[in-house]
Amino acid sequence: MASHDPGPGHKPSPYNDGGSDDKEVAVLSAKQDSSIIPAAATPHDPIVDYPIERVEQVYRKLDLRIIPAFWVLYFLNSAIRSNIGIAQTMNAKDKHDLLSVLGLTPKDVSTALALFYVSYVLFDLPSNLIMSRLSPRVWMARIVLAVGIIGACFTAVQSAWSVKFLRFLLGVVIAGMWPGMAYYLTLFYPPSRTGKRIGMYFTAAQVSAAVVGLVSAGFQQMDGLGGLVGFRWMFLIYGLLGIILGITLLWWLPDRPLAPGEVRKKGWLMRFLPAPPEALTGEDALVHYHDLRRVYHTRPWNLRDLWYVLIDWRLWPLVLMYFGVVGVGIGTQLYGSVIIASINPNFTGVQVSLLFAPIWIMDLIAILLVMPICDRFHKYRPVFFSAAVCIQITGLLTVTFALHNQWARYGGLLMIGFGLGPTVPTCMAWTNEIFQKRHREVGVATASALVSGLGNLGSIVTTYALYTGWPEDAAKGPYQFRKSNFTMIGILCLSIASSFVMIALLKVFGNEPSQKLQGNSGTDSGDEILDGAARREAHQRGLGRLLKK
């Protein structure tokens, strides 16, 4: 998967199209001599089928190499992106909250929040396409570094226009992070294995939301220290941590894997940056090469390939699925503390912060419970998705109608958190599975960016049009936010309907590799090749019959 031009003596990448020769499988013993490693593998070499225990060992090594880095960067980016939500209630009793200090109206806040997603939607696809052309490691480090710088700049905001401007810039620099992480995974894992890994680092968003709430209690105690109010200390410290992490990632994240024996060639820019650490070496790299080669075929893409992805109808049901769940997720993340305060106006700022955290702990628990099972039964991803959405709807109904029991309403928020957990990683994993098979690398890069980018229009709805952005719905009283809750239930129903439509259309039209791809003869369209790793794993665990067509 090297991202450099072939030179003299260049051996083809292991992930290039191997044609029908890819179907040759040589079964080797688990005791194969690890010292026998070819100088460089070619796409016409037979695929070696290693024992499942050996393959699992390699993926565990990859997990330890990649997932912690992704978890930390997603944690910090999520904290920087969302801490403006908790800043609205910090030190409110002393009039040192965000709105009081800067003289913001609720409409100013909702506009600033929405501007983030406007720029995010506009720049998500270009960012991911650039990442597919350049070094993924360097691009991810660039995103985190820029997010840290903009996050630290929030310390100096003095008026509504500066908050809106910085939120727009934050959307520009963070665009491509989430779909870029999903795309990055497909460079190292078969699609059937990505859901669990996406869930692993997606837990960082839930922990981040909980930590932002809990740690904000400490920042509130720093109010006035050094002449800064509590929320300014929060912006500054998170921003500085993001800058440090962005630089560190250049030494931490591996770049695209190479074929065994292939040498990485540095471009002019890479000469000024630290050499990328290799994810795997020796026999581990060889085992990984043969396993991933079943499902991954890369080739240089052009604008025609990009156009074929854009006009593929399979993209749009996934966008609508993501639209609903991410809209509700962001709405809950940014306005959860406001909703808790409305349930009981007597809660202090610290109490609101402490009650906000368990929502995301429930989200975390759901991810850890559901995503490994969802990967195991990956053909039923839409079933897991729809069931989780139904739990969110139940939670919203409880928040809306349990007017005389504040703890029942709070329990509804916990249900929303639990239902949110599996939905986003399931949607992204299903996108990877569908578009890697059909359009290969450019399909994953484009589809993940568009599903994430266009789907985040749902975030604009919930941050700009609902809750404090909807004056008629923000009037104090037992019916506060009722219309906003109904709107969120409506877009969740849209997500469920879209998943059912997607299932029906795939049954009718299928999902074979696109014949419009240059050089695609359709020889690799069989499930045994595309899901070889998953089928072998299922057979070893006695689940093969459940995954048969």
**Q** In terms of the angle between their ring planes, are Phe202 and Trp178 parallel, tilted or perpendicular, with boundaries placed at 30° and 60°?
**A**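 Tilted, since the angle between the ring planes falls between 30° and 60°.
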
**Q** Going by atom types only, do Thr203 and Tyr74 share a side-chain donor-acceptor pair under 3.5 Å?
**A**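 No, Tyr74 and Thr203 have no side-chain donor paired with an acceptor closer than 3.5 Å.
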
**Q** On the 0 to 90° scale, with breaks at 30° and 60°, tag the Trp71-Phe75 ring pair as parallel, tilted or perpendicular.
**A**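 Correct class here is parallel.
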
**Q** Would you confirm whether Thr431, through its side chain, and Ala447, through its main-chain N or O, come within 3.5 Å as a donor-acceptor pair?
**A**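 The answer is no, because no donor-acceptor pair under 3.5 Å joins these two groups.
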
**Q** What do the steps show when you test Met177 against Val147 for side chain to side chain contact (heavy atoms under 4.5 Å, CB included), and what is the final call?
**A** CA-CA 10 Å; Met177 180 201 68; Val147 169; over 6 Å; no

**Q** Look only at the side chain of Arg381 and the backbone of Cys427, and say whether a donor-acceptor pair between them is shorter than 3.5 Å.
**A**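 Side chain of Arg381 to backbone of Cys427: no pair is present.
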
**Q** Is the backbone of Val309 close enough, under 3.5 Å, to the side chain of Arg314 for a donor and an acceptor to pair up by distance?
**A**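 Pair absent, no side-chain N/O of Arg314 close to backbone of Val309.
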
**Q** Do the non-hydrogen side-chain atoms of Pro422 and Phe384 ever get within less than 4.5 Å of each other?
**A**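 No; the side chains remain at least 4.5 Å from each other.
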
**Q** Would Trp316 and Phe323 count as a close aromatic pair, with their ring centres under 6.0 Å?
**A**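 Not close enough - the centres of the two rings lie 6.0 Å or further apart.
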
**Q** What's the verdict on side chain to side chain contact (heavy atoms under 4.5 Å, CB included) for Trp252 and Arg65, showing C-alpha distance, side-chain angles and the deciding distance?
**A** CA-CA 8 Å; Trp252 190 350; Arg65 195 73 186 82; 3.5 Å; yes

**Q** So Val58 and Lys61, do their side chains get closer than 4.5 Å, heavy atoms only?
**A**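 In short, these two side chains do not touch, never coming nearer than 4.5 Å.
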
**Q** Whether the side chain of Thr155 engages the backbone of Leu236 through a donor-acceptor N/O pair (distance < 3.5 Å, no angle test) should be reported.
**A**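 Yes.
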
**Q** Before you tell me yes or no, could you show the steps for Asn77 and Ile143 under side chain to side chain contact (heavy atoms under 4.5 Å, CB included), namely the whole-Å CA-CA distance, both residues' side-chain angles and the distance that decides it to 0.1 Å?
**A** CA-CA 9 Å; Asn77 280 13; Ile143 290 174; 4.1 Å; yes

**Q** Mind checking the CG-CG spacing from Leu320 to Leu315? Nearest 0.5 Å is all I need.
**A**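 So the CG of Leu320 and the CG of Leu315 are separated by 9.5 Å.
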
**Q** Taking the side chain as everything from C-beta on, heavy atoms only, tell me whether Ile365 gets closer than 4.5 Å to Leu369.
**A**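 Sidechains of Leu369 and Ile365: in contact.
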
**Q** Taking the side chain from Ser208 and the backbone from Ala79, do they hold a donor-acceptor pair closer than 3.5 Å?
**A**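 The answer is yes, because a donor-acceptor pair under 3.5 Å joins these two groups.
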
**Q** Mind checking whether Leu245 and Leu73 have side chains closer than 4.5 Å, heavy atoms only?
**A**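 Touching, per the 4.5 Å side-chain cut-off.
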
**Q** Holding to side chain to side chain contact (heavy atoms under 4.5 Å, CB included), I want the full list of residues that pass it with Ala87, two or more places apart in sequence or in another chain.
**A**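 Testing Ala87 for side chain to side chain contact (heavy atoms under 4.5 Å, CB included), a comparison that skips the adjacent residues, returns Leu98, Phe231, Met234, Phe235.
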
**Q** Assess the residue pair Leu364 and Leu368 against the criterion (side chain to side chain contact (heavy atoms under 4.5 Å, CB included)); give the C-alpha distance rounded to whole Å, side-chain angles, the decisive distance to 0.1 Å, and a yes or no.
**A** CA-CA 6 Å; Leu364 170 64; Leu368 296 177; 4.1 Å; yes

**Q** Between the side chains of Glu56 and Arg193, is the shortest nitrogen-to-carboxylate-oxygen separation below 4.0 Å, so that they form an ion pair?
**A**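 The answer is yes: the pair qualifies as a salt bridge.
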
**Q** Check whether any side-chain heavy atom of Pro274 sits under 4.5 Å from a side-chain heavy atom of Arg137, and report yes or no.
**A**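 Result yes, sub-4.5 Å side-chain heavy-atom pair found.
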
**Q** Is there a side-chain contact between Pro254 and Phe188 (heavy atoms, below 4.5 Å)?
**A**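 The answer is yes, as the side chains (C-beta and beyond) meet within the 4.5 Å cut-off.
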
**Q** Counting N and O atoms only, with roles assigned by atom type, does the side chain of Tyr322 sit under 3.5 Å from a partner on the main chain of Leu454, one being a donor and the other an acceptor?
**A**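 No.
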
**Q** Hydrogens and angles aside, do Arg60 and Gln57 bring a side-chain donor and acceptor to less than 3.5 Å of each other?
**A**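 There is no such pair between these side chains.
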
**Q** Given 3.5 Å as the limit, does a donor-acceptor pair link the side chain of Trp139 with the main chain of Gly180, or not?
**A**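 The answer is no, because no donor-acceptor pair under 3.5 Å joins these two groups.
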
**Q** So, do Leu318 and Ile434 sit near enough that their side-chain heavy atoms are less than 4.5 Å apart?
**A**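 They are in contact (side-chain heavy atoms under 4.5 Å apart), so the answer is yes.
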
**Q** Answer whether the closest heavy-atom distance between the side chains of Ser495 and Phe385 falls below 4.5 Å.
**A**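 They are in contact (side-chain heavy atoms under 4.5 Å apart), so the answer is yes.
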
**Q** Do the ring planes of Tyr184 and Phe70 sit parallel (below 30°), tilted (30 to 60°) or perpendicular (above 60°)?
**A**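 The rings of Tyr184 and Phe70 sit tilted, inter-plane angle from 30° to 60°.
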
**Q** Nearest 0.5 Å please: distance from the CD1 atom of Ile174 over to the OG atom of Ser78.
**A**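 Atom-to-atom, Ile174:CD1 and Ser78:OG are 7.0 Å apart.
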
**Q** Is there a donor-acceptor pair under 3.5 Å between the side chain of Ser127 and the backbone N or O of Asp124?
**A**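 Looks like no, no N/O pair under 3.5 Å.
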
**Q** Would you mind listing every salt bridge (Lys or Arg N to Asp or Glu O under 4.0 Å) that reaches into residues 78-90, with sequence neighbours excluded?
**A**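 Counting only pairs at least two positions apart or across chains, no salt bridge (Lys or Arg N to Asp or Glu O under 4.0 Å) contact touches residues 78-90.
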
**Q** Out of the candidates Leu450, Asp312, Val451, Thr446, only one should pair with Phe435 under the side-chain contact (heavy atoms from CB on, under 4.5 Å) rule; please name it.
**A**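 When Leu450, Asp312, Val451, Thr446 are each tested with Phe435, the side-chain contact (heavy atoms from CB on, under 4.5 Å) holds only for Asp312.
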
